[in-house]
Structures are given as structure tokens and as C-alpha cells.
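Here is the structure we will look at, set down as C-alpha cells.
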Amino acid sequence: MSSFSPPLDMREVIWLEGEAWRLREHDRHAATACYELACTHARELIVAEPQQADTWYRLGSMLYTLGEWYLEAGDHAAATTALDGAESAYTRQGEAETGELIADVVLRRARVHAAAGRPLSAIVDAQHAALSALDPGWPMESTARVLAHVGLVQLIIGGDPDLAAAAADRSVRGYLSMSRTFDPAALAPAHAIALRVAANVSRVVHASAGRDDMARAAHTLVMATGGPIECPGSEYIRANQPTLARVLAAADSGVLPPSFTAAAPEDRILVPAMRCDAQPGLGLAKTLARLQFAVPGRDQILLGLEAHALFAAASQEGATSPQGQSGDFAPTWAAVAVNFGQRMFEQDDLSAAADAVGWLNGIIGRLVPRALIDSDVRAVVLDCLHWQHRVHAATGDTKAAGRVSRTITTLTDPAP
């Protein structure tokens with residue numbers, strides 16, 4: 001046997017992967033089961049030989065594909081699990097080696113979150129993918145592909161339409177700049193899909209804002225790339241999805257410079273974290289959090305989404321030490337998550353409310369140690385826990401409600 005032949009077990013993984021693709025043509029359920037089995041075998045190989053980088057890469061790639069298959073099937077929980085696994089497998093190899101692969105995984109997970117009605121999770125993943133894709137070392141077409149989907153995710157989840165259009169427009173310009181005689185039909189399938197997505201987002205947002213020339217240009221590109229896709233329409237956006245600039249003007253806040261809300265057609269700001277640097281971003285997030293309680297419910301949702309994205313970016317970037325995070329902005333971040341979740345709960349959007357509950361678990365985890373010794377922090381945590389308990393009770397999740405009840409008891413009557 002040649003020394004270059006893969007081990008028998010790896011050959012089995014490769015065979016199962018190929019078999020899954022063959023089955024997919026006529027039996028997608030069987031194909032997915034076969035692919036899951038291939039992933040299981042890959043994990044077993046990793047347990048036996050954890051230093052084999054190729055196996056980690058193969059597992060990450062298969063889980064990435066599995067995430068898309070589950071997304072297409074509407075199984076959002078399984079898709080999220082698969083993509084979490086793909087991110088973990090790639091991260092194991094170091095971000096310098098797999099940064100672009102990780103960003104692709106995170107982008108796909110953002111699409112899953114958006115489809116599942118988890119706006120807080122979707123905006124964080126979309127934002128992370130966009131910031132990664134803007135690295136100067138990325139190929140132009142890869143950046144354009146990511147930004148197209150980032151624009152659509154932001155539009156679907158009720159984000160700022162100006163940011164959605166800015167990301168989409170940057171994507172379109174990236175694709176158009178690749179050749180003097182641009183031909184959409186010459187693009188690889190993934191890029192053809194992305195250009196169609198970007199053109200659609202650009203068209204509906206510009207039409208909603210009355211930017212007719214830009215909307216017409218985008219419409220021409222829409223028709224050249226396969227036609228309309230399913231996304232919010234211009235009339236819906238105009239009536240129900242305000243821009244941050246519009247919300248702040250209506251609130252008459254007077255505390256934020258116009259540079260924070262540069263409107264399309266400018267594309268300097270593509271996601272909330274690009275409104276300013278990390279440290280000013282914390283101040284902006286706190287300002288948006290305060291403004292939540294002085295505007296109508298629809299506007300509160302956008303302010304909460306924006307503030308959450310800024311807090312998440314600061315947390316991911318380590319803008320402060322862990323102690324500073326807990327003491328500085330975690331209580332405000334928790335209040336944002338509760339208010340956002342409550343607005344969603346009032347609209348019977350239980351998926352979005354549950355998303356807020358999930359984020360609160362992590363935020364509260366930072367605060368609990370201090371809550372045991374600080375009565376002010378304890379009051380914040382207890383308010384959050386009581387809200388979580390109401391949501392769990394309303395959705396019939398008795399197990400989760402019981403866990404929250406026990407935590408409430410611990411904080412209400414801490415051991416001496």
C-alpha cells in the first residue's frame with residue numbers, strides 16, 4: 001500500500017461524504033443522516049489522533065456543509081449545532097490559518113439565526129463576519145460575497161436599513177469592479193447568488209427611501225441576476241423599519257454626532273460596530289440604551305438591536321478587562337436584552353424573546369459573583385431572572401423555569 005494512501009478509517013469518512021452527496025439528489029433525509037455518520041467517524045478519528053490537522057479541517061468543512069443542509073430543511077437548532085461545531089473545529093487550528101473559514105461559518109450561522117427569528121444572535125454573527133471580511137488581505141470577491149449576505153441578514157431581522165443597503169452596495173461595487181465587461185453569468189454559483197442578494201437588498205432599501213435612481217439601477221441588476229428574492233419589500237420597510245438616523249431625530253436626542261448615522265448611499269458604516277471605535281462604542285451603546293425608554297416600541301427594538309451589537313463587539317474585542325466588563329456595561333447590556341426581549345414577547349415573537357433569554361444567561365453569568373456582595377447588582381440580576389422565569393413559564397419550559405427559580409432563591413437568600 002502506498003504511504004500516501006489515507007488510513008482505512010479516513011477512507012470510510014471520504015466514502016460516506018461522497019455517498020451523502022449522491023443520496024442528496026433523490027433523498028435528502030438519507031443524505032443528511034449519511035453526512036452525520038461521516039462527521040461522527042471524523043470525530044472518532046480526532047479522538048484517536050487529535051494532532052491530525054487534516055481531520056480537523058475535514059470535520060469543519062463537513063459540519064459547515066451540514067449546517068447549510070439543515071438550514072435548507074428548516075431545522076435551525078440542528079443547523080446551529082453543526083455550525084458551532086464547524087467553528088470549534090476550525091478555531092482549533094488557529095485563527096491565522098482559518099480566519100476566512102471561520103468567518104464563513106459565522107456568516108452562515110447568522111443566516112440561520114435570521115431564519116430562526118433570533119435577531120440578537122443574528123446581528124452579532126453578521127457583524128463579526130463583516131468585520132472579518134473587510135480585512136485588506138481578503139480577496140475582493142470573498143469580501144463582496146460576505147457583505148451581500150450581511151446586508152440581507154440585517155434587513156430580515158429589522159436592523160437599520162441604511163446599514164443593510166450600505167453593505168449590499170459595497171458588495172455590488174466589489175463585484176462590478178472585478179472586470180470591465182462584467183458578466184453575472186460568468187460568476188461562480190456562490191458569487192452569483194450573493195450578487196443577486198445584494199442587488200435585491202439595494203433595490204428595496206433605496207426604493208423605500210425614495211432614492212429612485214439607485215433603486216432603478218439595482219433593479220436592472222436584480223433582473224440580470226435571476227430576479228427578486230424573498231425579503232422585506234420597500235413599502236414594508238418604509239412603514240415598519242426605521243433607520244437609526246430617523247429614530248434619533250424623532251427622539252430629538254441631540255447627543256450624537258451625525259457621523260454615527262451616515263446614511264446610504266455612503267458605505268462607511270456597514271454594521272453597528274463600525275459607527276465608532278470600541279471605547280466610544282460603549283458610550284454610544286449606553287446612550288442608545290437610555291434612549292430606549294423615551295421612544296415608541298418599534299423604535300425601542302432598533303435601539304436595543306444596535307446597543308446589543310455594540311456591547312457584543314466591545315465584549316468580543318476585550319475593550320475592558322473581564323472585571324471592567326461586569327462592573328461597567330454588563331448591567332446596562334442586561335437591561336437592553338430584557339427590554340428587547342419584552343418588546344418581542346409582547347408581539348408574540350417567542351423566538352426573539354427566547355434569543356434574549358439566551359443572551360441574558362451569559363450576561364448574568366458575569367454579574368452573579370458581584371451580585372452576591374453588591375445589592376445594586378443583585379437587584380439588576382434578580383430583575384433579569386424574574387423576567388426570564390416569566391418567559392420560560394409562558395413557553396412551558398418548566399425545566400428552565402426551575403433552574404431560574406433556584407438561582408433566584410440563592411440570590412435572595414445568599415448563604416452567610
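Numbers here are sequence positions counted from 1.
- Taking the six-membered ring where the residue is Trp, Trp333 and Trp359 present tilted rings, their angle falling between 30° and 60°.
- Note: Asp383 CG to Gln388 CD = 11.5 Å, rounded to the nearest 0.5 Å.
- Taking the side chain as every heavy atom from C-beta outward, Val112 and Arg118 approach each other to under 4.5 Å.
- Arg92 CZ to Thr55 OG1: the interatomic distance, rounded to the nearest 0.5 Å, is 10.5 Å.
- Note: Tyr175 and His191 meet the aromatic proximity criterion, with ring centroids under 6.0 Å apart.
- Side-chain atoms of Ile229 and Val197, non-hydrogen and from C-beta on, do get closer than 4.5 Å to each other.
- Taken to the nearest 0.5 Å, the CE atom of Met344 stands 11.0 Å off from the CG atom of Leu350.
- Taking a 6.0 Å sphere around CD of Glu235, one finds it holds 12 or fewer heavy atoms contributed by other residues, nucleotides or ligands.
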Applying side-chain contact (heavy atoms from CB on, under 4.5 Å), run through Cys39 and Leu59 and close with a yes or a no.
CA-CA 6 Å; Cys39 291; Leu59 177 61; 4.1 Å; yes
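- Within 6.0 Å of NE2 on His76 lie more than 12 heavy atoms contributed by other residues, nucleotides or ligands.
- The environment of Glu346 atom CD is dense: over 12 non-hydrogen atoms of other residues, nucleotides or ligands sit within 6.0 angstrom.
- Between Leu147 and Leu134 there is a side-chain heavy-atom pair separated by less than 4.5 Å.
- When all heavy atoms of Ala307 and Ala285 are compared, the closest pair comes out as CB-O, 3.7 Å.
- In this structure, CD in Glu49 is found 9.0 Å from CE in Met10, a value given to the nearest 0.5 Å.
- Contact between Pro228 and Val222 at its shortest, heavy atoms only, is N-CG1, 3.7 Å.
- In this structure a side-chain-to-backbone donor-acceptor pair under 3.5 Å is missing from Arg170 to Ala148.
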Using side chain to side chain donor-acceptor pair (under 3.5 Å), reason through Gln292 and Asp299 one step at a time and then give a plain yes or no.
CA-CA 7 Å; Gln292 277 187 114; Asp299 294 353; over 6 Å; no
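- Using a 4.5 Å heavy-atom threshold, the side chains of Leu303 and Val247 count as touching.
- A heavy-atom distance below 4.5 Å is found between the side chains of Val204 and Cys231.
- When all heavy atoms are compared, the tightest approach of Pro119 to Asp355 is N-OD2, 3.4 Å.
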Step by step, would you call Met140 with Ser177 a side-chain contact (heavy atoms from CB on, under 4.5 Å)?
CA-CA 9 Å; Met140 173 71 75; Ser177 70; 4.0 Å; yes
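- Here the CZ atom belonging to Arg203 is positioned 11.0 Å from the OG atom belonging to Ser208, to the nearest 0.5 angstrom.
- Within the model, atoms CD of Gln241 and CD of Gln154 stand 10.0 Å from one another, a figure rounded to the nearest 0.5 Å.
- A donor-acceptor contact under 3.5 angstrom links the side chains of Arg366 and Ser315, judged on distance only.
- Side-chain contact between Val106 and Ile102 is present, with heavy atoms from C-beta onward closer than 4.5 Å.
- Between Ala309 and Gln127 the shortest heavy-atom distance is O-NE2, 3.0 Å.
- Using a 4.5 Å heavy-atom threshold, the side chains of Val357 and Trp387 count as touching.
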Trace of the side-chain contact (heavy atoms from CB on, under 4.5 Å) decision for Tyr57 with Leu101
CA-CA 10 Å; Tyr57 276 109; Leu101 296 173; 4.1 Å; yes
Which is it for Glu100 and Tyr90 under the side chain to side chain donor-acceptor pair (under 3.5 Å) test, yes or no, and what are the steps along the way?
CA-CA 10 Å; Glu100 190 171 337; Tyr90 285 142; over 6 Å; no
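- Side-chain contact check for Phe293 versus Asn339: some heavy-atom pair is nearer than 4.5 Å.
- Under a cutoff of 6.0 Å and an axis angle of 45°, Arg24 and Trp69 form a cation-pi pair.
- The number of heavy-atom neighbours closer than 6.0 Å to NE2 of His29, taken from other residues, nucleotides and ligands shown, is 12 or below.
- Side chains of Arg290 and Thr287: a donor-acceptor N/O pair is present below 3.5 angstrom, by distance only.
- What you find for Leu16 and Ala38 is that their closest heavy atoms are CB-CB, 3.7 Å.
- Residues Gly227 and Arg196 approach most closely at O-NE, 2.9 Å, considering heavy atoms.
- In summary, Asp160 and Arg275 engage in a salt bridge, as defined by a charged side-chain N under 4.0 Å from a carboxylate O.
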Kindly determine whether Asp212 and His206 satisfy side chain to side chain donor-acceptor pair (under 3.5 Å), including the steps that lead there.
CA-CA 7 Å; Asp212 295 336; His206 291 313; over 6 Å; no
Before you tell me yes or no, could you show the steps for His389 and Ser405 under side chain to side chain donor-acceptor pair (under 3.5 Å), namely the whole-Å CA-CA distance, both residues' side-chain angles and the distance that decides it to 0.1 Å?
CA-CA 7 Å; His389 188 272; Ser405 292; 3.0 Å; yes
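- In this structure, Arg343 does not pair ionically with Asp349, as no charged nitrogen and carboxylate oxygen lie closer than 4.0 Å.
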